[in-house]
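Okay, handing you the structure first.
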Amino acid sequence: MLRALWRVVAIAAGVGACLVGSPASAQDAPKAKTIMIEGGTVLSMGPAGVIEGGTVSLRKGKIKSVRGAGRAGGMPNPNQVRIDASGKYVTPGLIDAWADLNVAPGGNAGTANASCRAIDGLDMFDRHDFEQALRNGVTAICVEPAATKGIVGTAALVRLADLDNIGASAETDVCLVVRLGVGKVGPFLRLKELAELRKAFKEAKEYREAWEEYEEELEAYAKDLKAGKKVKLDKKKEKAKSADGKKGKKPKGRKGRRLRPRDSSGESLMAWLEELERGNAGAAGPGAVSIGETQFCEDDEDGSDEEHATDVDDFDLRSWLDVYFSSGDGSSGGKKKDASKKADDEAKKPERPKKDRNKELLVRTLKRELAVRFEAHRPADILNVLELAGEFNLDAAVVGASGGRYVAEPLGKAESTVVLGGMIRTALFENGHYRDHDSVNAAVLSQADVAVVIGSGPGGGGNRAHYLRQNAAIAVGAGMDAEGALAAVTINAARVCGVAESLGSLEPGKTADVVVWSGHPLSSGSVVEYVFVGGKEVCRREP
Amino acid sequence: MSRQTGTIVAALVATWAAGFTPPVEGGDRPFAVRAKAYVDRDGSVVNGATLIVKDGKVSAIGSDVRVPAGCFVLDRPDATICPGFVDPHVTLGAMGRTGEAANSIETEADAAELFNRYHHDFDRAVRAGVTTVLLTPRSSHLVGGRTVAVKTAGETTLTRIVGPGPIKLSLAPAAFTTARPPTSLQGGLARLRGMIAAARADRNDEGAFAKWARGEAVAIVDTIEAAELGSLARLVADERVKCVALHGNYAAERLSDIKLTGQPVILGTYEFTDSLRFTRTPVILQREGVGFALTSNAPRYGPELLRIGAAIAMAQGLDAAAAHAALTTTPAEIIGVQDRVGSLEVGKDADFILMDGQSLDLTSRIIEVFVDGRRVYRADTREAGGTSRSPDGAAGRVN
């Protein structure tokens with residue numbers, strides 16, 4: 001909830017910055033003009049395909065329409081801004097799905113850093129690199145945590161909507177980033193890395209099972225309570241009270257507000273729960289209301305039972321139960337004994353597993369709520385990644401894949417997505433994992449029906465995002481078809497970043513990130529004429 | 001005997017590694033290449049190309065050239081013929097060995113001594129379309145010695161040497177260490193001025209340095225930082241010597257200094273990490289009428305970066321003709337081998353590339369490379385997973 005609040009604050013700040021940043025937009029804001037980009041060759045990268053002499057209209061930050069009609073002619077409409085794109089090319093903003101620009105290097109190497117976030121390491125104030133990217137038609141950049149080994153954290157997608165407030169338009173936690181065999185790692189160490197990864201996912205699986213079991217038990221417990229069974233908690237609480245008058249009330253290690261019914265009989269609790277489920281408790285709320293004979297209150301530091309109001313909309317039943325039933329939890333050993341002695345007329349209080357933030361994230365990947373990208377380069381490592389992803393049913397993509405062309409067939413069979421880095425490795429002596437690199441990877445993989453994404457890739461000691469389209473062009477020079485290479489920096493890139501609903505192609509309703517080029521975007525001589533991000537012109541060709 | 005066998009084996013390995021296939025039937029017989037277009041001396045693309053090669057030289061080129069009866073013809077209807085690229089600053093095959101550590105001044109050193117034609121660096125350069133390179137001493141020497149222009153492919157060491165190039169100087173920080181004198185930029189310039197005076201006094205000195213000191217030849221001078229361009233400009237103004245600034249990345253920000261030298265600049269290496277501040281330099285120089293060549297500095301960076309560097313500059317608005325000149329005619333003029341390479345004109349060496357698209361589009365692929373009229377590289381069509389982008393199906397035929 002706190003995070004949600006911060007997000008609201010951040011968005012509010014972002015809007016403010018937009019208005020301050022460009023007075024023109026403040027002027028335009030009340031009228032919300034429609035921008036018509038007319039007469040260009042539209043490479044929509046979506047269902048509309050390629051439209052010669054098409055019109056793309058942008059309104060209120062979204063793409064309003066993509067159609068084949070040419071210039072409408074007629075009277076000038078004061079609510080329209082018309083851009084003549086005849087002889088030019090119109091594409092969605094390019095998305096660099098793999099970059100490390102402005103991310104602080106270092107970080108912990110290991111296998112348990114899932115909760116590290118690239119967004120926290122991003123230098124949002126270094127405008128230069130973002131500006132360069134924009135000036136070359138890149139409107140969104142996916143940055144990864146910089147650590148090089150194991151589970152390194154979550155990637156973020158930075159949209160270059162407002163350079164004064166990059167954070168406001170960033171998608172955090174786009175996917176989990178895992179690296180296998182990156183750097184000069186010998187075969188045995190790579191196997192060890194793999195074993196550690198497998199162990200981490202296995203433990204996450206066990207963690208998930210433990211919690212699922214706990215939740216089942218909790219339901220059963222609630223049922224027992226409903227059936228009028230005696231709650232063991234009462235006994236324990238009384239024991240605790242009688243044993244220690246000062247501290248018995250407050251469980252160790254838990255802070256903050258805690259709600260519990262004053263009389264802890266299961267009947268009244270369940271009565272209230274049912275009320276809540278029916279939605280009737282909305283008026284009453286659990287904060288300071290009595291339902292039946294149950295008085296709800298908060299445990300405060302001083303132990304006084306003051307009454308507090310709580311926002312009912314924010315009320316999460318499960319976490320409430322969680323907190324409530326763990327409140328008397330002094331020693332787990334004793335509880336186990338209790339469980340073994342459990343009588344038929346007693347409701348068994350389930351043991352709550354320990355929370356682990358890193359494992360929580362891994363569980364999200366096991367549930368396929370969060371995608372995983374594995375950076376792996378050597379063919380053997382890539383095959384191991386495929387196996388691992390299959391074993392744990394992960395929504396996985398392979399990143400790097402310098403030696404990807406040798407395992408194109410299994411990658412294709414697994415319907416994989418592969419994110420390739422910079423097409424040209426320029427250094428004289430490469431790191432071990434780039435030894436197999438060849439720009440022909442993109443062509444070979446796409447012919448094997450692998451969804452190919454091209455990023456600028458890390459390395460070279462600097463930002464490379466601004467030469468994204470040249471990387472795509474090199475892939476074409478090495479045998480990939482031009483359409484596939486363009487998809488690799490637009491719609492496929494959006495898919496692997498989980499934002500294909502809103503970015504990556506020119507389709508009505510999508511976010512208006514649009515670039516107008518003087519020629520085909522993969523041709524060397526083409527330059528950027530206009531860049532729109534969120535329907536706002538952020539860049540124009542220098543005269 | 002065994003040494004001879006070794007040489008032959010090495011030669012076979014070298015030709016195999018370069019993807020060498022016996023060119024067109026009998027390399028010494030004249031042959032013709034018919035293609036979609038060719039790139040002219042001024043960088044313009046001429047549609048309809050017929051190139052006639054005789055004795056390793058261009059015997060005729062144009063859109064209306066008649067192929068003599070009986071002449072072997074390579075039909076490449078989708079290809080564009082482009083002159084081989086010229087790189088004015090490489091250490092191919094001699095990385096890390098182009099300097100004598102003990103001395104900062106090596107006027108008599110000759111980079112030709114380092115030419116190792118069997119080295120695989122040259123094969124990579126061929127694949128990148130680079131056919132002539134200038135082997136240069138490193139920047140750690142105030143006077144590094146003489147450079148040498150060589151072909152990246154060919155039969156013998158001697159035939160591959162095009163000729164001696166300019167003398168190489170360096171004003172870069174790497175040239176001045178506390179280990180040996182001179183230890184500072186001003187100390188280095190003082191030595192240089194003294195040497196110039198001495199060389200001028202001795203009319204019989206025919207060495208490369210003396211020729212440069214007398215203003216008869218150019219020198220290539222490492223100027224990595226902006227301040228060194230100012231020092232170079234003063235040296236040129238005072239001593240009336242000819243200097244080409246190498247790595248003149250600050251050329252656009254020191255325009256008056258660069259204009260004072262009256263020579264073109266060698267820019268680069270441009271790669272994907274470079275800031276737009278530097279990659280805009282060619283556009284500004286073109287606008288100001290200053291000539292420039294690009295370099296890859298291979299093998300420190302890949303020789304592919306020559307063509308990629310041009311594309312990077314074009315993304316900032318440099319036009320194709322100027323970019324083309326920066327890879328061909330301008331470097332050839334700087335090196336002093338413009339009579340032989342840099343453009344496809346009658347009498348010049350038949351060094352050319354066949355590409356399947358616009359020569360500077362990175363989407364185009366280098367299909368075949370010819371040096372001195374012999375095919376030294378043909379793209380492996382299997383590499384791209386069997387795409388039929390190569391015009392391999394169009395086999396040569398006799399007219």
Side-chain angles (χ1 to χ4, degrees), chain A residues 101 128-129 131-133 135-137 405 408 422-429 438-448 456-457 459-482 485 518-528 541-542, chain B residues 91 95-96 121 128 269-277 279-280 283 296-305 307-324 355-367 379-390:
Chain A
L101 92 160
H128 177 254
D129 285 350
E131 269 168 20
Q132 288 199 140
R135 275 165 62 184
N136 285 279
R405 65 192 176 285
M423 286 294 125
I424 291 287
R425 302 297 308 176
T426 55
L428 176 61
F429 303 111
D438 195 307
S439 54
V440 85
N441 276 331
V444 175
L445 289 171
S446 65
Q447 276 155 24
S456 61
N463 167 29
R464 305 153 72 96
H466 49 301
Y467 290 114
L468 186 60
R469 71 180 167 111
Q470 281 80 0
N471 276 309
I474 291 169
V476 175
M480 195 183 194
D481 60 291
S518 67
H520 193 283
L522 297 182
S523 179
S524 293
S526 306
V527 295
V528 168
R541 182 183 186 172
E542 287 172 28
Chain B
T91 53
M95 178 73 181
D121 281 355
T269 307
Y270 289 145
E271 59 158 337
F272 287 150
T273 50
D274 277 323
S275 160
L276 302 189
R277 176 180 172 190
T279 57
R280 262 186 77 76
V283 182
S296 72
N297 195 4
R300 174 64 187 81
Y301 298 98
E304 303 84 11
L305 283 180
R307 196 158 74 100
I308 292 172
I312 284 174
M314 286 172 77
Q316 304 309 317
L318 186 71
D319 65 65
H324 183 81
M355 309 194 77
D356 65 355
Q358 295 282 329
S359 64
L360 295 179
D361 269 351
L362 299 179
T363 52
S364 310
R365 192 169 184 214
I366 293 171
I367 301 300
D380 182 359
T381 48
R382 287 165 306 168
E383 261 186 14
T387 40
S388 55
R389 292 169 55 87
S390 154

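What you see is a predicted model, and the numbers here were worked out from it, not measured in a lab. In what follows, every chain begins at residue 1, and chains take the letters A, B, ... in the order their sequences are listed.
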message = Is any side-chain heavy atom of B:Thr363 closer than 4.5 Å to one of A:Ser523?
response =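 Heavy-atom side-chain distance check fails, nothing below 4.5 Å.
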
ask   = Partners of A:Ser446 by side chain to side chain contact (heavy atoms under 4.5 Å, CB included), sequence neighbours excluded?
value =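 A:Ser446 satisfies side chain to side chain contact (heavy atoms under 4.5 Å, CB included) with A:Val452, A:Met480 once adjacent residues are dropped.
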
Under 4.5 Å from any heavy atom of chain B - which part of A:Asn136 =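 Side chain of A:Asn136 only, per the 4.5 Å heavy-atom cut-off to chain B.
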
key: Separation of A:Arg135 CZ from B:Leu276 CG (nearest 0.5 Å)   =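 Answer rounded to 0.5 Å: 5.0 Å.
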
request  = Can you see which heavy atom on B:Gln316 is nearest to which on A:Tyr467, and at what distance?
outcome  =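 Minimum heavy-atom separation between B:Gln316 and A:Tyr467: NE2-OH, 4.0 Å.
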
B:Gln358 atom CD, neighbour heavy-atom count above 12 within 6.0 Å =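 No, not enclosed.
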
query = Quick one: does A:His128's side chain get under 4.5 Å of B:Ser275's, heavy atoms only?
reply =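 Yes. Closest side-chain heavy atoms under 4.5 Å.
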
message = Using every non-hydrogen atom in the two residues, find where A:Val527 and B:Met314 come nearest and quote the distance to one decimal.
response =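 The pair with the smallest heavy-atom distance is CG1-O, 3.8 Å.
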
query = For B:Ala320, is it the side chain, the backbone, both, or neither that has a heavy atom closer than 4.5 Å to a heavy atom of chain A?
reply =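 For B:Ala320, neither part sits under 4.5 Å from chain A.
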
A:Gln470 (side chain) donor-acceptor with B:Leu362 (main chain) under 3.5 angstrom =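 No, because the side chain of A:Gln470 does not come within donor-acceptor range (under 3.5 Å) of the backbone of B:Leu362.
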
inquiry  = Test your reading of the model: is there a side-chain donor-acceptor pair from A:Ser524 to the backbone of B:Leu360, 3.5 Å cut-off?
reply    =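 Present.
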
query = So what's closer than 4.5 Å to chain A heavy atoms on B:Arg280: side chain, backbone, both or neither?
reply =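 The side chain, not the backbone.
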
message = Counting heavy-atom pairs closer than 4.5 Å to chain A, which one of B:Leu318, B:Ile366, B:Asp319, B:Asp274 comes out on top?
response =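 Max contact count across the listed options: B:Asp274.
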
inquiry  = Can you tell me which portion of A:Arg541 sits under 4.5 Å from chain B's heavy atoms? Options are side chain, backbone, both or neither.
reply    =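 Interface part for A:Arg541: neither.
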
